[in-house]
Engineer: 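Quick one: structure below, then a few questions.
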Amino acid sequence: MSAVLPDTSAAALVLGDPTFSDPALAALQAREGSAAAWRAAVAADPLTAAAKADGAFAVALPLEGGRVFLAVDRFAVRTLCWRIDHGVLRFAEQAHLLADAQHSLDTQALYDYLYFHAIPSPRTVHQGVHRLPPGHCAVYDGRTVHVQPYWVPHFVDAGPAPRHSFDSLRDEFRGLLRQAVQRCADPQRPACFLSGGTDSSTVAGMLSEATGQRASTYSIGFDAEGYDEMEFARIAAKRFGTDHHEYYVTPEDLLRSMPEVAAAYDQPFGNSSALPAYYCALMARRDGVSRILAGDGGDELFGGNVRYAKQRVFNWYGAVPAGLRAALIEPALGTGAARRLPLARKAASYVDQARQPLPQRLETYNLLLRLGLDDVLTPAFRAAVDVEGPMRDQAGVWREARTHSLLNRQLAFDWRYTLAETDLPKVCGTTRLAGLAVAFPMLDSALVDFSLRLPTDYKLRGLKLRWFFKEALRGFLPDEIITKKKQGFGLPFGVWTQRHAGLQRLAADALGSLGTRNLVRQPFLDALMTQHLPAHPGYYGEMVWILTMLELWLRAHAPEFRIA
């Protein structure tokens, strides 16, 4: 595990080409480039410089007196890592470029990986190497790196919106969507991913409208019942007249590419949608596309995830008088007899979850916690980590958003953990491996700001998800897509592992060698492959995937790693 450290004591690192809101900075950028505009913005005020830039960016600027300024965009689409090396601040886009033989892996980061299926910032898997969180900037003063947010979501909390405002909001929203897609698109060869969901279908439709050209769309399918959404992608492609391309991922594709994709990330990454995203990007690249649009962000901005409605149902329990809850409901459901009755058991589970505060309640179905830390982790690994650390980190992020709305707080929470730490790295990592540039029009600053002032009732109306988004695009999107259930790029890995001998050997071999690293208990690994996975491949396949990808990453980047 070694790398040649970049000489960053003098050189600047400027990634992305943001738009500056300040006219003088925009003019300077047009004349002399982004680096000159950044230097002027930082010279005026380092603490407000990044707030003047829109778009995807990462910047590291050495200043006078040995100081360094660092910043990344609101969602960390472009990433920036740093470490202090003998009094010199080193920085790079990816963490592994700053690691060397003297820096071992961070065991807490490995626990975070098993907990989140990714390693959230500011930690990285390499000890002493840090990642700048989304929406943050930092100044190195020669001794210490001072990190602080320059952008925190500030929602305009309002009650139910007056009905007459819908038309104006709809028109504004459609205009912002069109402008965002136009800004992001490659005018020579407009192209986008198309899953058949609401977001990607919207981008596909707006792409042709914004560019005046026939857009190319790329879709992935799976020959496995319950996992394929190609029907809806075809509906959208037909509606918008796109030049549509399809590829069906096979078990052989996974067998061939899992080691390559795992090794391509600068730290362990366990989102199983990475493989289908990679094959979709590869199909586009081979077709001559150089820049592709992705639809990520719509659910998190406009209230489209099922968990938002689910948490609203749990919150209704808080409206029940406390006396009634304590004296009657909870004692009755807590009896052994009640727990043996299916309906009562379900009600008791509801109460148990409803009594937990947010964001802890969101981890009720955390795979690692449900399987049991004592059953999964070795004593040595568990003793070396803080198992409460992820929850403390989440609680801190939960408090950051400026809002009194529980739904808006959930959205902001997902902007960090679902988008910035998981979904965007998935797309950015796989497109980079395929040789493609990618952009996210749903995360355009103007659209994000629009969502911040959109009434809460327009995001989740009763239990209707992303109500405004769907109603505003009714007549534009096909009705079948507006009414379909959300699915996404789910990968049938567990199902395929039971049917495909090669995948089964790959997983068994990976878990066998992972067991020698003293991270995960060997009895758990044995039971996972021989008992749990055959009985419930859809459920336990996720854990097999996470552990397999961890081992494949370790083989590529830290083959000798083992917990003592």
Side-chain angles (χ1 to χ4, degrees), residues 113 116-119 193-197 200 218-230 233 245-287 289 292 294-296 367 418 421-436 438 487-511 514 533 537-557:
Y113 169 80
F116 293 106
H117 310 170
I119 301 173
F193 293 118
L194 179 58
S195 70
S200 66
Y218 298 87
S219 299
I220 286 296
F222 308 102
D223 187 14
E225 186 178 353
Y227 288 88
D228 189 43
E229 274 196 310
M230 194 68 80
H245 306 76
E246 299 176 357
Y247 183 79
Y248 272 78
V249 176
T250 68
E252 287 77 17
D253 290 328
L254 266 62
L255 187 62
R256 180 171 55 254
S257 297
M258 283 173 64
E260 178 186 15
V261 172
Y265 283 88
D266 62 343
Q267 53 186 358
F269 187 72
N271 188 320
S272 61
S273 296
L275 258 293
Y278 171 59
Y279 273 92
C280 203
L282 202 59
M283 175 173 48
R285 188 69 189 94
R286 288 171 177 170
D287 193 43
V289 172
I292 195 164
D296 299 76
L367 191 55
T418 302
E421 307 289 6
T422 303
D423 286 351
L424 302 186
K426 171 196 71 180
V427 180
C428 292
T430 53
T431 50
R432 180 171 56 243
L433 180 60
L436 273 179
V438 65
Q487 185 171 319
F489 266 0
L491 182 70
F493 178 70
V495 175
W496 281 353
T497 301
Q498 290 302 290
R499 300 174 182 172
H500 191 274
L503 274 184
Q504 195 168 78
R505 284 193 299 271
L506 173 66
D509 177 66
L511 268 59
L514 183 65
L533 184 64
Y539 181 76
Y540 288 102
E542 184 72 7
M543 179 55 79
V544 176
W545 173 271
I546 292 160
L547 296 176
T548 299
M549 293 300 277
L550 172 60
E551 172 60 24
L552 293 176
W553 187 91
L554 289 169
R555 288 180 182 180
H557 294 277

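The shown structure was predicted, so the numbers you read here are calculated from the model rather than taken from an experiment.
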Engineer: Do Glu252 and Arg256 meet the salt-bridge criterion of a basic N to acidic O distance under 4.0 Å?
Structural biologist: no

Engineer: Tell me the closest heavy-atom pair linking Glu421 and Ile119, and the distance in Å.
Structural biologist: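 In terms of heavy atoms, the two residues are closest at OE1-O, 4.4 Å.
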
Engineer: Atom CE in Met258, atom CG in Leu552: separation rounded to 0.5 Å?
Structural biologist: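 It is 5.5 Å, given to the nearest 0.5 Å.
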
Engineer: If you compare all heavy atoms of Ser272 against all heavy atoms of Pro276, which two are closest, and at what distance to 0.1 Å?
Structural biologist: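 Minimum heavy-atom separation between Ser272 and Pro276: O-CD, 3.5 Å.
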
Engineer: Got a second to check how far Met543's CE is from Phe493's CZ, nearest 0.5 Å?
Structural biologist: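 Separation between the atoms: 13.0 Å.
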
Engineer: Sub-3.5 Å donor-acceptor pair from the side chain of Asp253 to the main-chain atoms of Thr250, do we have one?
Structural biologist: yes

Engineer: Would you say Phe193 and Thr431 make side-chain contact, with heavy atoms under 4.5 Å?
Structural biologist: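 SC-SC contact between Phe193 and Thr431 confirmed.
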
Engineer: What is the minimum heavy-atom distance between Asp287 and His245, and which atoms define it?
Structural biologist: OD2-NE2, 3.3 Å

Engineer: Quick one: OG1 on Thr497 to CH2 on Trp545, what's the gap to the nearest 0.5 Å?
Structural biologist: 9.0 Å

Engineer: Quick one: pull up CZ in Phe116 and OG1 in Thr418 and give me the separation to the nearest 0.5 Å.
Structural biologist: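 One gets 10.5 Å once the value is rounded to the nearest 0.5 Å.
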
Engineer: Please report the closest heavy-atom contact between Gly221 and Met230, naming both atoms and the distance.
Structural biologist: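 Heavy atoms of Gly221 and Met230 come nearest at N-CE, 3.5 Å.
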
Engineer: Evaluate the side-chain proximity of His117 to Thr422: yes if any heavy-atom separation is below 4.5 Å, no if none is.
Structural biologist: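 A side-chain contact under 4.5 Å is absent here.
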
Engineer: So, Trp553 versus His557, ring centres under 6.0 angstrom or not?
Structural biologist: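 Trp553 vs His557: aromatic centres under 6.0 Å.
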
Engineer: Main chain of Tyr247, side chain of Tyr218: is a donor-acceptor contact present, judged purely on distance under 3.5 Å?
Structural biologist: no

Engineer: Closest heavy-atom contact between Leu255 and Leu506?
Structural biologist: CD1-CB, 3.9 Å

Engineer: Tell me if a side-chain donor or acceptor on Ser219 pairs with a main-chain N or O of Leu194 at a distance below 3.5 Å.
Structural biologist: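 Yes: the side chain of Ser219 pairs with the backbone of Leu194.
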
Engineer: Just wondering, do Asp296 and Val427 contact through their side chains at under 4.5 Å, heavy atoms?
Structural biologist: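 Answer yes - side chains close enough.
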
Engineer: Between Tyr265 and Lys426 (side chain of the first, backbone of the second, donor and acceptor by atom type, cut-off under 3.5 Å), is there such a pair?
Structural biologist: yes

Engineer: Among Ile292, Thr430, Leu424, which residue meets the side chain to side chain contact (heavy atoms under 4.5 Å, CB included) test with Val438?
Structural biologist: Ile292

Engineer: Quick one, Gln498 and Leu533 - any side-chain contact, counting heavy atoms below 4.5 Å?
Structural biologist: yes

Engineer: Can you tell me if Asn271 uses its side chain to pair, donor with acceptor, with the backbone of Ser273 under 3.5 Å?
Structural biologist: yes

Engineer: Shortest non-hydrogen contact from Asp223 to Trp496?
Structural biologist: O-NE1, 4.2 Å

Engineer: To the nearest 0.5 Å, tell me how far Arg505 CZ sits from His500 NE2.
Structural biologist: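 Result: 8.0 Å between the selected atoms.
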
Engineer: For a 4.5 angstrom cut-off between non-hydrogen side-chain atoms, does Tyr113 reach Ile546?
Structural biologist: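 Result yes, sub-4.5 Å side-chain heavy-atom pair found.
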
Engineer: Verify, without hydrogens or angle tests, whether Arg432 (side chain) and Leu436 (backbone) share a donor-acceptor contact under 3.5 angstrom.
Structural biologist: no

Engineer: Taking the side chain from Ser257 and the backbone from Leu254, do they hold a donor-acceptor pair closer than 3.5 Å?
Structural biologist: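 The answer is no, because no donor-acceptor pair under 3.5 Å joins these two groups.
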
Engineer: In Å, rounded to the nearest 0.5 Å, how long is the span from CD1 of Ile220 to OG of Ser195?
Structural biologist: 11.0 Å

